[in-house]
Structure formats: structure tokens, C-alpha cells
Amino acid sequence: MMMIVAALLTVLITLLLKSAFDAISWYLLTPLRIKRIMEKQGVRGPKPRFLTGNIPDMASLVSRAVSQDMKHISHDIVDRIMPHFVAWSNKYGKRFIYWNGIEPRLCLTDTELIKQFLSKYNSVSGKSWQQQQGTKHFIGRGLLMANGKDWYHQRHMVAPAFMGERLKEFGGHMVECTKEMIKSLETALEFGECEVEIGEYMTKLTADIISRTEFGTNYNKGKQIFHLLTKLQKLVAQATRHLCVPGSRFFPSSYNKEIKMLKVEVEKLLMEIIESRKDCVETGKADSFGKDLLGILLEEMQNKGGSMKNLQVVMDECKTFFFAGHETTAILLTWTTMLLASNPQWQQKVRDEVRKVFNGETTPPMDQLSKLTVLNMVINESMRLYPPATVLPRMVFEDIALGDLYIPKGLSIWIPVLAIHHSQELWGKDANEFNPERFASKSFMPGRFLPFASGPRNCVGQSFAIMEAKIILSMLISKFSFTISDNYKHAPVVVLTIKPKHGVQLCFKPLDP
Ligand code: HEM
């Protein structure tokens, strides 16, 4: 008996010692090692605090910078959105290191190194533990958060859904949903409302489009799921703030409990859709799982033997695509309409082009979308000035050599997309002006325009998003003219993506048919 107790105690003590060593290594030794290696190479940065690193400094700089609205519409917003980047790059130079909690991050603005890193080192870099943990209950290990072999497999599974004929089929959903949005705008105008907060319309529209793309005929249940996911996203964002406190994810806090409850509810609804699709195929009512994204994922799962693990991947993927594909596109559309409303000459140029390409049709001919080159220039300029994803963080999992830098395993590379997009050095003196003409020539420097990231791990939904933006904007602009309302207050802020704090109020006028 004594021997069993002694053996159990030994195991327990060994486990405790191992956990203590892992925690010390994770919270102290590894970060200090990285700091020393980077300092030897002349890369310095602000002094971190225990556990929270530079998070409190960032939070206070940002909250001061965005405390007031801007006096007028100016696109000179880097000081406002990334005051910490401006302060630290002025003090420590173009490359500096700062601490997101216990995670050291190397800020990199050198376009050549960025290009090299994103294209060459994809297989040894990815999403950090902190990023994965922060989104675990929300999007799980879907494509956006997967690493290594899992990422490779998932990417190859979903990529075909966003190419060629499949993409064109999704275009049909986009046109139908946009028609409904235009109808509701017309109804609002008939009731005498000429001022509209366009962000709300765009958010609803892109959510409708992604629900139909993912769930086809189960679209209404899809919308219910996405409503719950939006709630879940807000709670998860709150919980993420405490991730630097060891063990915080196990705290029985009210939001941790609510997160778990919502997750269960979302997955229950997803399972109902999946089970009904499987039933239809098994009973011969349908000969495939469907042509929507869920159908493609289920087909793939069946080919792989269909274990419970795969089922979890399918559910995580459905949640990921809603998250990654809906808010980003809504934001792009909201900023682009704001830019077109405040630049009437460009609005007219786009309208003239759209009329020529539509050639009397009320809906865009799918095979002619590539001819909307002026609109494409405007969309690019909008994403340059207001990139929905303002930063790209990637963790390095193996020691690598990047240009003249030796990057140790465990360091995250932090690419400040917004600052790069506004750099006068890279874009010229008018970097903060709206000038779509700069995109007239296709030969722009690689590494300086990164709205969709670049390299093998770029945005898999890029063509989908551009097609969606072209369809929505072309249909909108051929029906209405719009100007900025006097009530619009320019106040970009970052809440995950870069958003207008008070929305974008526009005055709409129907055009003669
Ligand atoms: C204007 C719209 C969009 C922008 C600006 C955008 C931007 C991005 C960026 C910057 C990334 C890389 C993120 C990172 O690795 O940290 C990304 C990845 C991703 N995006 Fe998008 N995106 C947009 C629309 C979409 C749409 C419409 C979908 C799907 C329907 C989508 C699905 C994804 C997925 C699944 C990933 C992860 C890809 C991977 O890791 O392999 N995105 N997006």
C-alpha cells in the first residue's frame, strides 16, 4: 500500500515539476532568450511589463488617439489607429520588438523581407498559441487558425470552392441578395428617408451572401447560426483581453460560461443541418451533399472516411468562413461607398463604366466583371487606405534567416499593413490622398499592397470578395447617386477590423431608369 502511495506521489510531484518548468520556460525563459538574441542584432523596443508586456501602453496610446472624432474627412489615419507603431518606430527605428503579453513580436516594414517571409517561410510559420487560444471556442481550428499539415490539407480542401465555375455559381447568390438590399433601400427612400447608414445595409447583405454560399437551401438556419456566432465573437473578444493571465481561460467567469453555452448551441444547429444532408444522401433523396460550401466539405469528409474529428473540422470551417468572409467584405463596401460619396467625379466615372459594361442589363453579366477596371482601381484604393485587416501577425516555429536577420523560433512577425499602405516612402507624397489612378498600372511593387496578405497563406476568399464587391457596388451605383450626409463624423477605429465608429451616413437619390 505504502509503495503505491509513494509511486503515486512521485508521479504527482514529477507532473507538478514539469508543469512548473513548462510555465517558467513559457512565461520567462523563452521570451528572455528571444529578447537577448534580437538585442544582439540591434533590434530593441519598449520595455515590457510582467505578463502584460506592452499591452497596457498600446491600449492607453490608442484610447487617447481615438478619443475624439476627426475634424474632417482625412485619410491620414496611421497616427490615430496605430499611435504605438508611430511612437515606437520613431524611437527604435523601422524594426522593433514589442510584447503582446508574453508574446514577443517583431515589427517588420521592409517590403522585400515581408515578401520573402510570406512566400518562402510559410511552412515554418503560422498562428500563435495565443491567437489560437483566443479564437478556440469561436472558430476552432478552421483554416484561419490551422497550422502545418492540418492547414495544408484544409487549404487544398476548400480552395477549389473559390475558383472558376463554382465561384460563378456563387455570383448568382450575390446578385439575388443585392437585389433585395436595393429593394429595401428603395422602400426606405419611398418612406421619405433619404439618409441611410450604409454600414448596416452592407453588414446584413454580406451576412446573407455568405449564409447562402455556405448553406444554400438551409440558408435560414444558417442565418440563425451566424446570429449566435456574432454574439460569440463579442464575448470571445472580451475574454481574449485576459489571456496573458496564466489559467484565465479556466476561470468560471460569466463570459467563459456563456461562451461555452453559445458554442454548444451553434454546434447543435450545425449538426442538425449536417445530419439532414447526410440523411438525404443515405436515403437516396439527394445524389450529393449539395453544391454549396457545406456540401463540398461534407463530400471531402466522406472521401476521408468521415470520422468525428473530420466532423469537427467541417463545423469549424463553416464558422471560420462566416467570420473571415462577412465582416471584412462589409467593411470594404462601407469605406468604398464613403469614398465614392465624397469623390463625386470618381462616382460618375465608375457609373459611366458600369453602364457601358452592363449594356442595358439590370444585373452585371458575370463574364464581363473583369471589364470593370475603374471600379477595380477604386476598390484597390479603398483597401489601400482602409485595409480591413490592419495587421498580419505570424509566429515562426523554427529558427530562420530572413535577410540580414536571424529570427529565433517563438518570435512573432508583426506586419503593420495599414502603416505600409500609408507610407510616403512607398507610395509617394500623396500616400494619404484618395487617388485610384495609382492602380491604373498593374506593375506595383510586391510587398507594399497587402489587403489579402500574400504568398501561399493569402486570403483564400480573395476572388470571392472582389467579385462580391464588384457586383454590389456596380448594382448600387447604377440605381442611385449618393453624397455624404452632414451627419457623418469621420472616426475610423479598430475593433478587429478598421471600422467607422459612428457608421457612414449617406444621402441616396434614385437615378432615372
Ligand atoms: C475584403 C474582403 C477580405 C479581406 C480584406 C480579407 C483579408 C484576409 C487576410 C489579410 C487574410 C490573412 C490573415 C492572416 O493570415 O492572418 C485572410 C485569410 C483568410 N480569408 Fe480573407 N479577406 C476578405 C474576404 C474573405 C472572404 C469573402 C472569405 C471567404 C468567403 C475569406 C476567407 C478567408 C480565409 C478562410 C482565410 C484563411 C486562409 C488561410 O489561412 O489559408 N476572406 N483574409
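Indexing begins at 1, ligand by ligand and atom by atom, following the structure's order.
Looking from atom 34 (C) of ligand 1 to the surrounding protein, the closest heavy atom is Val460 CG1, 3.8 Å. Ranking the protein heavy atoms by distance from atom 10 (C) of ligand 1 puts Pro451 O, 3.4 Å first. For atom 24 (C) of ligand 1, the nearest non-hydrogen atom of the protein is Thr328 OG1, 3.5 Å. Among all non-hydrogen protein atoms, the one lying nearest atom 22 (N) of ligand 1 is Cys459 SG, 3.1 Å. Protein heavy atom in closest approach to atom 13 (C) of ligand 1: Leu392 CD2, 3.9 Å. Nearest protein heavy-atom contact of atom 6 (C) of ligand 1 is Phe452 CD2, 3.6 Å. Taking atom 32 (C) of ligand 1 as the reference point, the nearest protein heavy-atom neighbour is Ala324 CB, 3.5 Å. Looking from atom 28 (C) of ligand 1 to the surrounding protein, the closest heavy atom is Gly325 CA, 3.4 Å.
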Evaluate the criterion side chain to side chain contact (heavy atoms under 4.5 Å, CB included) for residue pair Leu340 and Ile477; output intermediate values, then yes/no. CA-CA 10 Å; Leu340 286 170; Ile477 215 161; 4.1 Å; yes
Just do the ring-ring contact (aromatic ring centres under 6.0 Å, His included) check on Phe321 and Phe464 with the steps written out, would you? CA-CA 12 Å; Phe321 276 88; Phe464 182 97; 8.9 Å; no
What do the steps show when you test Val494 against Leu418 for side chain to side chain contact (heavy atoms under 4.5 Å, CB included), and what is the final call? CA-CA 11 Å; Val494 170; Leu418 181 82; over 6 Å; no
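Aromatic ring centres of Tyr386 and His75: separated by under 6.0 Å. Taking the six-membered ring for Trp and the full ring otherwise, the centers of Phe226 and His326 sit at least 6.0 Å from each other.
What you find for Gly140 and Met145 is that their closest heavy atoms are O-CB, 3.6 Å. Closest non-hydrogen pair, Phe397 versus Lys409, comes out as O-CG, 3.4 Å.
Cation-pi geometry between Arg105 and Trp99 is not met at under 6.0 angstrom from the ring centre and within 45 degrees of the axis.
Checked by atom type and distance alone, the side chain of His156 pairs as donor or acceptor with a backbone atom of Tyr152 at under 3.5 Å. A donor-acceptor pair under 3.5 Å is absent between the side-chain atoms of Asn343 and the main chain of Trp346, judged by distance alone.
The ligand atoms of ligand 1 that sit less than 4.0 angstrom from a heavy atom of Ile210 are 30 (C). Within the listing of ligand 1, atoms 38 (C), 39 (C), 41 (O) sit less than 4.0 angstrom from a heavy atom of Arg155. Close approach of ligand 1 to Leu143 is summarised as follows: ligand atoms under 4.0 Å from at least one heavy atom of the residue are 35 (C), 38 (C), 39 (C), 40 (O), 41 (O). Counting atoms of ligand 1 from 1 in the listed order, those under 4.0 Å from a heavy atom of Phe162 are 30 (C).
Between Thr329 and ligand 1, a contact under 3.5 Å exists for no N or O pair. Considering backbone and side-chain atoms alike, Arg394 places an N or O below 3.5 Å from some N or O of ligand 1. For ligand 1, the polar-atom distance check against Asn458 finds no nitrogen or oxygen pair separated by under 3.5 Å. Of the N or O atoms in Glu468, none lie within a sub-3.5 Å distance of an N or O in ligand 1.
Taking the six-membered ring for Trp and thresholds of 30 and 60 degrees, Trp427 and His421 have ring planes more than 60 degrees apart, a perpendicular arrangement.
Residue contacts with ligand 1, taken as heavy atom pairs separated by less than 4.0 Å, do not involve Val417 at all. At a 4.0 Å heavy-atom cut-off, ligand 1 touches Leu144 through backbone and side chain alike. In Leu332, the part holding a heavy atom less than 4.0 Å from any atom of ligand 1 is the side chain.
Of the candidates Met145, Gln462, Arg457, the one placing a heavy atom closest to atom 40 (O) of ligand 1 is Arg457.
Heavy atoms of Lys127 approach ligand 1 to within less than 4.0 angstrom. Using a 4.0 Å heavy-atom cutoff, Thr213 is absent from the residues neighbouring ligand 1.
Within the model, atoms CG of Leu496 and NZ of Lys234 stand 11.5 Å from one another, a figure rounded to the nearest 0.5 Å.
Residues Phe138 and Leu229 are in side-chain contact: their nearest non-hydrogen atoms beyond the backbone lie under 4.5 Å apart.
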